[in-house]
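Bear in mind that the values here come from a model prediction, so they are computed numbers and not experimental data. Labels below follow one simple rule: chain letters A, B, ... track the order of the sequence lines, proteins then strands, and each chain is numbered from 1.
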2 protein chains.
Amino acid sequence: MTIDSLRADKRAKALSKDRIVEAAIAILDGEGEAGLTFRALATRLATGSGAIYWHVADKTELMTAASNAIMGRAMEAVDAEMEPRAGIRAVALAVFDAIDAHPWAGAQLFRDPAGSAMVEIIEGIGGRLLALNVPGAALFDAGSALLNYILGVAGQNAANARGHPAEVDRAAFLQAVAERWTERDPAAYPFVHRVAARLADHDDRAQFLAGLDLILAGIGALTEASDVLPRSGRAAPRAER
Amino acid sequence: MTIDSLRADKRAKALSKDRIVEAAIAILDGEGEAGLTFRALATRLATGSGAIYWHVADKTELMTAASNAIMGRAMEAVDAEMEPRAGIRAVALAVFDAIDAHPWAGAQLFRDPAGSAMVEIIEGIGGRLLALNVPGAALFDAGSALLNYILGVAGQNAANARGHPAEVDRAAFLQAVAERWTERDPAAYPFVHRVAARLADHDDRAQFLAGLDLILAGIGALTEASDVLPRSGRAAPRAER
DNA sequence: ACCTGAACACCGTTCAAGT
DNA sequence: ACCTGAACACCGTTCAAGT
């Protein structure tokens, strides 16, 4: 037996941070955040719970690594060569879809504000704002508006999926929310009554994009104001003064 | 006064859900979310942990009640008679300030999407969008953009304050985040490098308002487009086709 | 009715002991 | 070096027993 085949053999069975993180992702996806315990993880990996601590410092590091793996893959798939506005939409959708598929990763984003997942998202958006020539004074505001919007949606998606793992009836959940809304006095809560019906049947993803475009329109106004990159499309150019 | 007489004094006041919730808020504010245990709560109330369950179903109900108490007070303080745009800013600031003072309440918002705190915020924003005559088709988008932005900030504030209770050095925390950002390759992460310096010294509250105004500007563009409420100031009406 | 506090079924984490 | 699994110090929650 060669050294190589010994190593290959050992590598297939040996515990490693990678194998632990992949097992954690599988549990998080299948059972939800509450399902991930060191005991469950040890059972799945056919080892003792203490063995995991040889490769991973604690549960925080495990969650961080799992979330960064998911978000990293999602961000890698974003085409770097798109037009900046389309690129921002692509980054936002990559985050949205990753969190739709792995809601626990949405909650994790908030817990690791300097982690690689967050940095990739911020640069993915902000780098494209630079390419759009958003004026320096507005860069921070624009980036923060976009980031916070995306994080807000991420947090809501994570919360909506809390408890019920994977594919459980989202429409029924939103239906129940809408019903609790409409229990209130229509005179005192007109908006809530007006939009309740749309809550259950609306397309989350399309809704997410619509809100994003609204913010991009606000940023477009800043950009126009500096006369650097007039916005094309349905908005007419500014009238002359 | 002896410890025993203090205990007797506290026990003289009967337990009630209100007293339990107020004690929970005090612990959450003082020790953070990890500090709130039924044992700590029972000690503070000079009772047994089981007694609390007579008034409160479980920890979820306790957290929901505590969060709703905080957010309810914050929203009550918002003047109902303001001009709609100013009113939306006032609602957003009320949420921001409440969560700045009670970060745990920010995390809680996500966990109770049909709770009274969330409904008050949604109606507080959406009712004013109705007053602004935002066209029906855009109402949902505009409300969702504003809400998600506010929630995103709430979640970040909650995360930033995690662990370090109350007044611990926020600037130092953001400084550390900025340092981790700037460890990366400046060529690959130009935006992150550009804004890192502003992260530690910027005014969170002013920043929050700037992002909000950006979104309001985007909504203003929608409102203009429907010719219902032309926005005054620098933006001109649409050109004819 | 309301309260007590021990008991139960979990956790994350540690660590002496093994290979 | 890497792994085992019992042990420790917690939790939320329950419940027989008290007032």
Open item on the list: Closer than 4.0 angstrom, basic N to acidic O: yes or no for A:R111 and B:E33?
Closed with: no

Open item on the list: Given C:dT13, C:dC3, D:dC3, identify the nucleotide with an atom nearest to the side chain of A:F38.
Closed with: C:dT13

- [ ] Specify the residue among A:T37 and A:G50 whose closest nucleotide of DNA chain C lies further upstream toward the 5′ end.
- [x] A:T37

Task: Upstream residue (5' side of DNA chain D) when A:R39 and B:A57 are each assigned their closest nucleotide - done: A:R39

Open item on the list: Rounded to whole Å, how long is the line connecting atom CE of B:M63 with atom C1' of D:dT13?
Closed with: 17 Å

TODO: Report the distance from atom NE2 of B:H55 to atom P of C:dC2, rounded to the nearest whole Å.
DONE: 7 Å

Task: Close side-chain approach of A:V119 and B:R180, heavy atoms under 4.5 Å - done: no

Open item on the list: In this structure, how many angstroms lie between the P atom of D:dC2 and the CH2 atom of A:W54, rounded?
Closed with: 6 Å

Task: Closest non-hydrogen atom pair, B:A101 against B:D29 - done: O-OD1, 4.1 Å

Open item on the list: Between C1' on C:dG5 and CD1 on B:I52, what's the gap in Å once rounded to a whole number?
Closed with: 12 Å

- [ ] Report the relative orientation of the aromatic rings in B:F140 and A:H202; use parallel for angles under 30°, tilted for 30 to 60°, perpendicular for over 60°.
- [x] tilted

TODO: Give the rounded distance in Å between these two atoms: CZ of B:R19 and C1' of C:dC3.
DONE: 13 Å

TODO: Using Watson-Crick or G-U wobble geometry with both distances below 3.5 Å, tell me the partner of C:dC8, or none.
DONE: D:dG12

TODO: Grab the NZ-P distance between B:K59 and D:dC11 for me, whole Å please.
DONE: 9 Å

- [ ] Indicate, with a heavy-atom threshold strictly under 4.0 Å, whether B:L36 touches base, sugar-phosphate, or nothing.
- [x] sugar-phosphate

Task: Lys/Arg N to Asp/Glu carboxylate O, B:E22 vs B:R73, below 4.0 Å - done: yes

Task: Distance, rounded to the nearest Å, where B:L41 contributes CG and D:dC11 contributes P - done: 12 Å

Open item on the list: Output the rounded distance in Å from CD (B:E33) to C1' (D:dG12).
Closed with: 15 Å

Task: Nucleotide forming a Watson-Crick or wobble pair with C:dA17, both distances under 3.5 Å - done: none

